[in-house]
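Counting starts at 1 for both ligands and their atoms, following the listed order. Everything quoted here is computed from the prediction, not taken from an experiment.
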Amino acid sequence: MATPATKPVFTLPFIANSSSSSQPSTRYSRLPFRRSTTSTPVSLKRFRSYPSTPSHPSLPIKNATKTIESAETSSVLSSVGGTGTSSRKTKPTILVSEKLGEAGLELLRNFGDVDCSYDLSQEDLCKKIASCDALIVRSGTKVTRQVFEAAKGKLKVVGRAGVGIDNVDLQAATEFGCLVVNAPTANTVAAAEHGIALLASMARNVAQADASMKAGQWQRNKYVGVSLVGKTLAVMGFGKVGSEVARRAKGLGMQVIAHDPYAPADRARAIGVELVPFDQAISAADFISLHMPLTPATEKVFSDDTFEKMKKGARIVNVARGGVIDEDALLRALDSGKVAQAALDVFAEEPPPKDSKLVQHERVTVTPHLGASTKEAQLGISSLMIESMPYFNYQEGVAIEIAEAVVGALKGELAATAVNAPMVPPEVLSELAPYAVLAEKLGRLAVQLVAGGSGITSTKVVYKSARDPDDLDTRLLRAMVTKGIIEPISDSFINLVNADFTAKKKGLRISEERVAVDAPPGLPVLSIQVRLSQCGFKIWKRCFRWRHKHRGWSETRCPPFDTGRIVQRRREPGRKSRPVQAG
Ligand SMILES: NC(=O)C1=CN([C@@H]2O[C@H](COP(=O)(O)OP(=O)(O)OC[C@H]3O[C@@H](n4cnc5c(N)ncnc54)[C@H](O)[C@@H]3O)[C@@H](O)[C@H]2O)C=CC1
Ligand SMILES: O=C(O)C(=O)COP(=O)(O)O
């Protein structure tokens, strides 16, 4: 029977004897992430093989053969392709599968080999993808599990040149360690303006009257419209686009209410909009404008039941996603007169079938997914600076926004617009940069120091900080610790994207604890401690009991920077821990 492993405690005490540790936040807060090549990047390592091993009750570390890498070779400082396993001389291949603005293409060409192949079938995409490091798509390309499988680990980043990522299989991307980034801000105004354009043209029958005149008719009585002023508009989804639609609708004299389970009430109040429950919004509205993402929770949320609750003669605008509406139910609601009109930019299937009854309906106005399609949004050539919209970057169109994100990700930098990796605001990224490097090293160090015939079942990360828990976003640190722990003991490719997923798959539990301490102002974290609970896999049940009795924790503690000593402590049951080695 394997004996329980001794319980070493590895401590890096906080030694504030270097300038770096006394002024950490100042020193590191200037570290840029998105636009600079000098930032401290978090790598996306090259895929080796994706394991098909079944999930495991503990994480065996017997075969841990990898050694702690130096700061330079560690995966946090890699270039294209990850940990330095691929050469810088090889330019990455970037496949662009839908039309992208020239400025963005130029940026990509400066960095890699760009292959613009539009209108690829799924089969052709799967063939091509095996030789690509990055793929850039808009809403017309379905990036399915098959695509990730066909990539055989070569694909490191998928860039969605726009907001909605419902056309990318995020679960598959995560499992394959492929980062997904999007361009969430550059088309906000374009989409909001298109929503307003559809709202007004629907109310005044512009499209129908235009078609009628072009057919040689003059039907002034047939196309009498309805006015917008004084009417109630319900904005469903009060995010970036929704709030811009609300702002514009107020300018048209409409009463605006909104429904969004996650939007802060003060943001709505700031522009004079009341957030209300779903049923209240749809039953009070004369006009309803949809701006929520397509997710399992929002799919077909506009159903027969929902239409039933609306005012008779309600009018609907959809520039979000076709899938949030049950299109058959909408057709029924239009035919019964419950819904007077609809204006649709998006469809469950795009393009919709040519004989779609919805598209052909007399009281439906349609556009072919044009919400984001303005020159300004795509190319970033607006001359306006809109100060009231902090997220709106007038210089960057979608093309530049996504090209920067993809190039940054290929360089191994943390992407502020990552969709399937810990996504933290740029200012938090800069602040946590040195801690992220350290957190990974701690995980790596801890798992290797406890290696020796035993396994680990759970990990606790303890942060000592003076900050209020709400002011300390630890998702990035937790992910880096996880990566550090999993990578040395796994044959599969691990990066920030799939570290948590792989840990779960291996049955490793990771919990966090924050301990309030006094710390110098500006220092987000005073120390990070990683505790691994040990357990020989073969004697899982017995060890489990033993572990509970004796609290068999291994700890690796570290202050925020690499300036400390390592003190190894051995803790034996019933005895106070004592240092056995210092270095
Ligand atoms: N037609 C087009 O060309 C374009 C379409 N879009 C679509 O518009 C959507 C919104 O874009 P943004 O405003 O930039 O995204 P966003 O993320 O800023 O806003 C989405 C809002 O929807 C809310 N939400 C989530 N679930 C909800 C639910 N069940 N009910 C109500 N609200 C819910 C979120 O809390 C968030 O505030 C995108 O997901 C995309 O699908 C965006 C740009 C262009
Ligand atoms: O950004 C979005 O979510 C959009 O729907 C825009 O789609 P597009 O890039 O124009 O295909």
Evaluate the side chain to side chain contact (heavy atoms under 4.5 Å, CB included) criterion for residues Asp500 and Asn498: first the C-alpha distance (whole Å), next the side-chain angles of each, then the deciding distance (0.1 Å), finally the verdict.
CA-CA 6 Å; Asp500 252 350; Asn498 65 0; over 6 Å; no
Classify the ring geometry of Phe302 against Phe307: parallel below 30°, tilted from 30° to 60°, perpendicular beyond 60°.
tilted
Within 6.0 Å of CZ in Arg467, more than 12 heavy atoms from elsewhere:
yes
Looking at Lys128 and Asp124, is any side-chain nitrogen of the basic one under 4.0 Å from a carboxylate oxygen of the acidic one?
no
Are Tyr463 and Glu512 linked by a side-chain donor-acceptor pair shorter than 3.5 Å?
yes
Under 4.0 Å to a heavy atom of Tyr262 - the qualifying atoms of ligand 1, by number
25 (C), 26 (N), 35 (O)
Geometric N/O contact Asp260 with ligand 1, under 3.5 angstrom:
yes
Any N or O of Leu294 that comes nearer than 3.5 Å to an N or O of ligand 1?
no
Residue, atom and distance of the protein heavy atom nearest atom 10 (O) of ligand 2 read Arg138 NH2, 2.8 Å
Using a strict 4.0 Å cut-off to heavy atoms of Gly164, name the atoms of ligand 2 that fall inside it.
1 (O), 2 (C), 3 (O)
Decide whether Thr367 and His369 meet the rule of one side-chain donor and one side-chain acceptor closer than 3.5 Å.
no
So which heavy atom in the protein is nearest atom 1 (O) of ligand 2, and how far is it from that ligand atom?
Val163 N, 2.6 Å
Within the 4.0 Å heavy-atom shell around Val319, which atoms of ligand 1 are there?
1 (N), 2 (C), 4 (C), 5 (C), 6 (N), 7 (C)
Any N or O of Lys240 closer than 3.5 Å to N or O of ligand 1
yes
Among Arg321, His291, Glu299, closest by any non-hydrogen atom to atom 10 (C) of ligand 1:
His291
Ala297 touching ligand 1 at heavy-atom level, < 4.0 angstrom:
no
Just jot down the ligand 2 atoms closer than 4.0 angstrom to any heavy atom of Ala161, in number order.
9 (O)
Heavy-atom contacts with Phe238 under 4.0 Å: which atoms of ligand 1 show up? List them by number with element.
37 (O)
Any donor-acceptor N/O pair, Asn187 side chain to Gln378 backbone, under 3.5 Å:
no
Atom NZ of residue position Lys357 - does it have more than 12 heavy atoms of other residues, nucleotides or ligands inside 6.0 Å?
no
Main chain of Arg160, side chain of Asn182: is a donor-acceptor contact present, judged purely on distance under 3.5 Å?
no
Under the side chain to side chain contact (heavy atoms under 4.5 Å, CB included) criterion, do Ile402 and Ile136 qualify, and how do the steps go?
CA-CA 8 Å; Ile402 200 63; Ile136 296 185; 4.2 Å; yes
Atom 19 (O) of ligand 1: which protein heavy atom is closest, and how many Å away?
Gly239 CA, 3.2 Å
Quick check on Lys311: does its NZ atom have over 12 non-hydrogen neighbours (other residues, nucleotides or ligands) under 6.0 Å away?
yes
May I ask you to identify the nearest protein heavy atom to atom 43 (C) of ligand 1, giving residue, atom name and distance to one decimal place in Å?
Asn187 OD1, 3.4 Å
Ligand 1 versus His369: contacting region, heavy-atom distance under 4.0 Å:
side chain
Determine whether Leu228 and Phe287 satisfy the following criterion, side chain to side chain contact (heavy atoms under 4.5 Å, CB included), listing intermediate values before the conclusion.
CA-CA 9 Å; Leu228 297 178; Phe287 292 84; 3.7 Å; yes
Under 3.5 Å, N or O to N or O, is Asp345 touching ligand 1 that way?
yes
Could you name the option among Ala263, Pro184, Pro293 that has the heavy atom nearest to atom 24 (N) of ligand 1?
Pro293
Shortest protein contact, atom 33 (C) of ligand 1 (heavy atom only):
Met292 CB, 3.7 Å
Would you mind listing which atoms of ligand 2 come within a distance below 4.0 Å of any non-hydrogen atom of Ala372?
6 (C), 10 (O)
Tell me which protein heavy atom sits closest to atom 38 (C) of ligand 1, plus the residue, atom name and distance to 0.1 Å.
Val163 CG1, 3.9 Å
Does one side chain, of Arg315 or Gln341, offer a donor that lies under 3.5 Å from an acceptor on the other?
yes
Sub-4.0 Å heavy-atom contact, Arg160 with ligand 2
yes
At what distance, to the nearest 0.5 angstrom, does CG of Leu125 lie from CG of Leu135?
6.0 Å
Option from Leu294, Val158, Val180, Thr295 for which side chain to side chain contact (heavy atoms under 4.5 Å, CB included) with Ile165 holds
Val180
Looking at Lys240 and Glu244, is there a salt bridge between them, counting it only when a charged N and a carboxylate O are closer than 4.0 Å?
no
Near Ala191 (heavy-atom distance under 4.0 Å), the atoms of ligand 1 are 43 (C), 44 (C)
For atom 8 (O) of ligand 1, what's the nearest protein heavy atom and its distance?
Ala320 CA, 3.9 Å
Would you mind running through ligand 1 and noting each atom that sits below 4.0 Å from a heavy atom of Val241?
11 (O), 12 (P), 13 (O), 14 (O)
Carboxylate-amine/guanidinium proximity below 4.0 Å for Arg145 and Glu175:
yes
What protein heavy atom is closest to atom 32 (N) of ligand 1, reported as residue, atom name and distance in Å?
Gly237 CA, 3.4 Å
Which of the atoms of ligand 2 are close to Asn187, meaning less than 4.0 Å from one of its heavy atoms?
1 (O), 2 (C)
Looking only at protein heavy atoms, what sits closest to atom 5 (O) of ligand 2 is His369 NE2, 2.6 Å
Option nearest atom 27 (C) of ligand 1 (shortest heavy-atom distance, choices Ala372, Gly195, Pro261)
Pro261
Under 4.0 Å, heavy atoms only, figure out whether ligand 2 is touched by the backbone of Arg321, its side chain, both or neither.
side chain
Heavy-atom nearest neighbour in the protein, as seen from atom 11 (O) of ligand 2, with distance rounded to 0.1 Å:
Ser139 OG, 2.5 Å
Could you tell me, atom by atom, which parts of ligand 2 come under 4.0 Å of a heavy atom of Gly162?
1 (O)
Show me which atoms of ligand 1 lie under 4.0 Å from any heavy atom of Thr298.
28 (C), 29 (N)
One pair to check against side chain to side chain donor-acceptor pair (under 3.5 Å): Thr306 and Ser303. What are the steps and the verdict?
CA-CA 5 Å; Thr306 316; Ser303 59; 3.1 Å; yes
